[in-house]
Amino acid sequence: MNYSEFVSAVNAGQIKQVTIDGEKITGEKKNGTDFESIRPAVQDPELMPSLIKNSVVVEGAAPQRQGVLMQLLIASFPVILIIGLFMFFMRNMGGGAGGKNGPMSFGKSKAKMLAEDQIKVNFGDVAGCDEAKQEVVEIVDFLKDPAKFKRLGASIPKGVLMVGPPGTGKTLLAKAIAGEAKVPFFSISGSDFVEMFVGVGASRVRDMFEQAKRHAPCIIFIDEIDAVGRHRGSGTGGGHDEREQTLNQMLVEMDGFEGNEGIIVIAATNRADVLDKALLRPGRFDRQVMVGLPDIKGREQILNVHLKKLPSVTGVEVPVLARGTPGFSGAQLANLINEAALFAARRNKNTVDMHDFEDAKDKLYMGPERKSMIIRDEERRATAYHESGHAIVAEMLPGTDPVHKVTIMPRGWALGVTWQLPEQDQISHYKNKMLNEISILFGGRIAEEIFINQQSTGASNDFERATKMARSMVTKYGMSDKMGVMVYEDDSQQSMMGNITSRTISEATQQQIDAEVRRILDEQYKVAWDILEQNKDKAHVMVNALMEWETINREQVLEIMEGKEPSPPKVYVAENPVIDVTDTPPPLPAN
């Protein structure tokens, strides 16, 4: 019913009763039929007289009002919504308000605790650092039987600092200590303490030691402690108040007014020179354990440990691999074994053999082969003469490392490589050998000048290394009779921009140093020139072999140096290739 129909019904006396509630009019006709709300009728000033004139029962209803609770709910809804959104985002970012990383635990320690049954590493899994293991055996004995030491008045070191190059197994050794002692192990990084808010790092240090006290005896392992333990007040390396407060709190917790019985702190770093002296004193880090690069025996032990993880190995000569990987850390040796397994998988073999390890070693030393690189024959020949010059000079000079391999296959950034391998680990460098190495570096450029009458840019790195070695002999090592044993350069200082060299010599002395460096380089250049002039026939043979086979090994180099024709390289055939099941006939049915 619209408004006009409603007015007509009122005037015709058809409306029995209406109820007015605010702007709504509801009611029923005389025949009992209800009609809907007619809003415009309420605004009509003539409506009420018409209703009274026609004897329509008019009732009024009080407007409904919201309750007090409903009004409060509506008024507080925006505030509740904002608080709910804030808690939702904080919960997602912090991992839950009640969790370890929630917004209410900002100053809690981030150390991860491993129970004694979760640590599966022991000393048998750590190889190549026997001396370092012996240094920490006492810690394991103390954790197993502390009464044995306390009875004699001895106390175990509160802290052990492991120092060594990256990848030598410092973290693995710390975990092995916990695995042998069967005690809880807290692990954290030095960078986890420092935050942009002052006081957070110190709070985390306190919380970490409080947790450790509840689980004592236990081990706290702090990796890369140099991130928080740098010299205080040095103004270098990004030092600020937050880092210093964190370090101060760590010093107090390790050896302060309150003792921490049964808590042993083990830290690892490869930059012990930047640590604060108060951190290194006895009572905090009482013992420093050097975890250096493994020697040839240690590399053999590490290789044997990692080889056990391969399901099938055939014909691998571990002593040969250990001798051929000088300077490799434990992490690099593990990577070598993984690369060998990848080579075997790409070749569809069932086992990993020595050929895969040799290829993996070449890749790690010299870079991957760039077989797709297109090189003109003239440039390949020039590269062959360059590498043959290095190899012949190296073989003719006494006391040099033997040439292991010569190749003109582009690898990495180099067009060719002459690879020398030492017969044993080298600890010290001697003058005669360093002079011979300078001559070997000059052999490539001299071969270009003698045989192709050209000079290429390929010798730039050789010249750089030769000049640096000669200058070090004069200014650092005292290997010049003219300049004596005085040290003329000190590059031990460091700044935020890197290494700097402090100069404490006069211009006249600098000129004498330059003249002495020039004399050494010229003399060794002449030595290499004379060798190649006397061995032109061997250089031609070696170049022809490289042009034909691209790579020659130690046996072929020795044949060339003896005046023989090099034997062809051995064609490798996989001993255990994977059988292609698609080409295998189906088995006969059983009788």
Side-chain angles (χ1 to χ4, degrees), residues 320 323-327 358 361-362 365-366 380-409 411 414-426 429-452 456 458-459 461-463 465-466 469-470 520-570:
V320 176
R323 188 180 69 85
T325 52
E358 286 293 334
K361 186 172 61 174
D362 291 350
Y365 263 112
M366 302 181 291
R380 290 180 70 247
R381 185 171 294 277
T383 302
Y385 274 114
H386 182 102
E387 300 303 330
S388 64
H390 288 310
I392 292 174
V393 175
E395 286 295 320
M396 295 301 297
L397 289 174
T400 58
D401 296 330
V403 177
H404 175 69
K405 186 175 295 186
V406 184
T407 179
I408 59 172
M409 169 64 71
R411 285 179 176 270
L415 296 179
V417 177
T418 300
W419 186 7
Q420 294 176 259
L421 276 184
E423 295 180 339
Q424 55 189 358
D425 291 335
Q426 299 178 358
H429 298 278
Y430 296 93
K431 180 179 179 179
N432 291 338
K433 188 171 183 180
M434 294 178 72
L435 292 175
N436 290 340
E437 290 178 358
I438 294 176
S439 298
I440 295 171
L441 291 171
F442 286 146
R445 166 57 67 84
I446 295 173
E448 294 176 0
E449 294 181 356
I450 293 177
F451 299 108
I452 63 176
S456 70
N461 182 255
D462 299 333
F463 293 161
R465 293 165 57 192
M469 189 180 301
I520 294 176
L521 295 177
D522 290 342
E523 288 180 358
Q524 299 312 121
Y525 193 91
K526 186 177 184 304
V527 170
W529 186 285
D530 294 339
I531 291 176
L532 290 177
E533 280 284 357
Q534 298 169 9
N535 294 275
K536 289 184 178 180
D537 54 340
K538 298 174 183 177
H540 292 307
V541 175
M542 187 174 294
V543 167
N544 293 333
L546 289 172
M547 292 295 292
E548 182 177 359
W549 301 316
E550 290 187 336
T551 301
I552 57 176
N553 54 28
R554 174 67 180 164
E555 290 75 14
Q556 293 168 312
V557 171
L558 290 177
E559 292 173 348
I560 293 173
M561 298 308 297
E562 293 172 0
K564 303 177 182 178
E565 287 292 327
S567 56
K570 297 179 181 179

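Computed from a prediction, not measured in an experiment: that's the story for all the values here.
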* Structure fact -> Taken in chain and number order and not counting sequence neighbours, the residues that satisfy ring pair (Phe, Tyr, Trp, His ring centres under 6.0 Å) with Y430 are none

* Asked: Quick one: does D401's side chain get under 4.5 Å of K433's, heavy atoms only?
  -> yes

* Asked: Quick check: does any side chain N or O of E449 sit under 3.5 Å from a backbone N or O of I446, one acting as donor and the other as acceptor?
  -> no

* Asked: Going by the side-chain hydrogen bond (donor to acceptor under 3.5 Å, both in side chains) test, which pairs reach into residues 434-443, not counting sequence neighbours?
  -> S439-Q524

* Asked: E448 and S456: which non-hydrogen atoms are nearest, and at how many Å?
  -> OE2-OG, 2.7 Å

* Taking all heavy atoms of L532 and all of A447, pick out the closest pair and write down the distance. => CD1-N, 3.7 Å

* To the nearest 0.5 angstrom, please state how far the CD atom of E562 sits from the NZ atom of K538. => 9.0 Å

* **T383 (side chain) donor-acceptor with I408 (main chain) under 3.5 angstrom** => no

* Asked: Side chains of E548 and V543: closer than 4.5 Å at any heavy-atom pair?
  -> no

* **Residue pair F442 / V527, side-chain heavy-atom distance below 4.5 Å** => no

* Can you find a heavy atom in the side chain of Q556 that is under 4.5 Å from one in the side chain of M542? -> no

* Asked: With sequence neighbours left out, what residues match D522 under side chain to side chain donor-acceptor pair (under 3.5 Å)?
  -> R518

* What are the two closest non-hydrogen atoms of H390 and L441, and how far apart are they? -> CE1-O, 3.2 Å

* Please identify each residue that fulfils ring pair (Phe, Tyr, Trp, His ring centres under 6.0 Å) with F451, with sequence neighbours left out. => Y385, H540

* Asked: How long is the span from the CD1 atom in I438 to the CD1 atom in I520, to the nearest 0.5 Å?
  -> 6.5 Å

* Just grab all the salt bridge (Lys or Arg N to Asp or Glu O under 4.0 Å) pairs involving residues 387-397, residues at least two apart or on different chains. => E395-R554

* To do: Please report the shortest heavy-atom distance between A382 and I452, naming the atom on each side.
  => CB-CD1, 3.6 Å

* **Under-4.0 Å salt bridge between E523 and K526** => no

* Interatomic distance, T407 atom OG1 to N553 atom CG [nearest 0.5 angstrom] -> 11.0 Å

* To do: Output the distance between atom CE (M396) and atom CG (N535), rounded to the nearest 0.5 Å.
  => 4.5 Å

* Please report the C-alpha distance between I552 and I560 in whole Å, then the side-chain angles of each, then the deciding distance to 0.1 Å, and finally whether the side chain to side chain contact (heavy atoms under 4.5 Å, CB included) criterion is met. => CA-CA 10 Å; I552 57 176; I560 293 173; 4.2 Å; yes

* Could you please spell out the steps behind the side chain to side chain contact (heavy atoms under 4.5 Å, CB included) verdict for V541 and K536? => CA-CA 9 Å; V541 175; K536 289 184 178 180; over 6 Å; no

* Structure fact -> Result for side-chain contact (heavy atoms from CB on, under 4.5 Å) between V393 and one of T418, V403, I531 points to I531

* Asked: After noting the C-alpha distance and the side-chain angles of M561 and I392, does the key distance pass the side chain to side chain contact (heavy atoms under 4.5 Å, CB included) rule?
  -> CA-CA 8 Å; M561 298 308 297; I392 292 174; 4.3 Å; yes

* Asked: Of all residues at least two apart in sequence or in a different chain, which pass the ring pair (Phe, Tyr, Trp, His ring centres under 6.0 Å) check with H429?
  -> none

* Can you name the nearest heavy-atom pair linking V406 to A391, along with the distance? -> CG2-CB, 3.8 Å

* Structure fact -> Note: G324 and K361 closest approach over all heavy atoms is O-CD, 3.4 Å

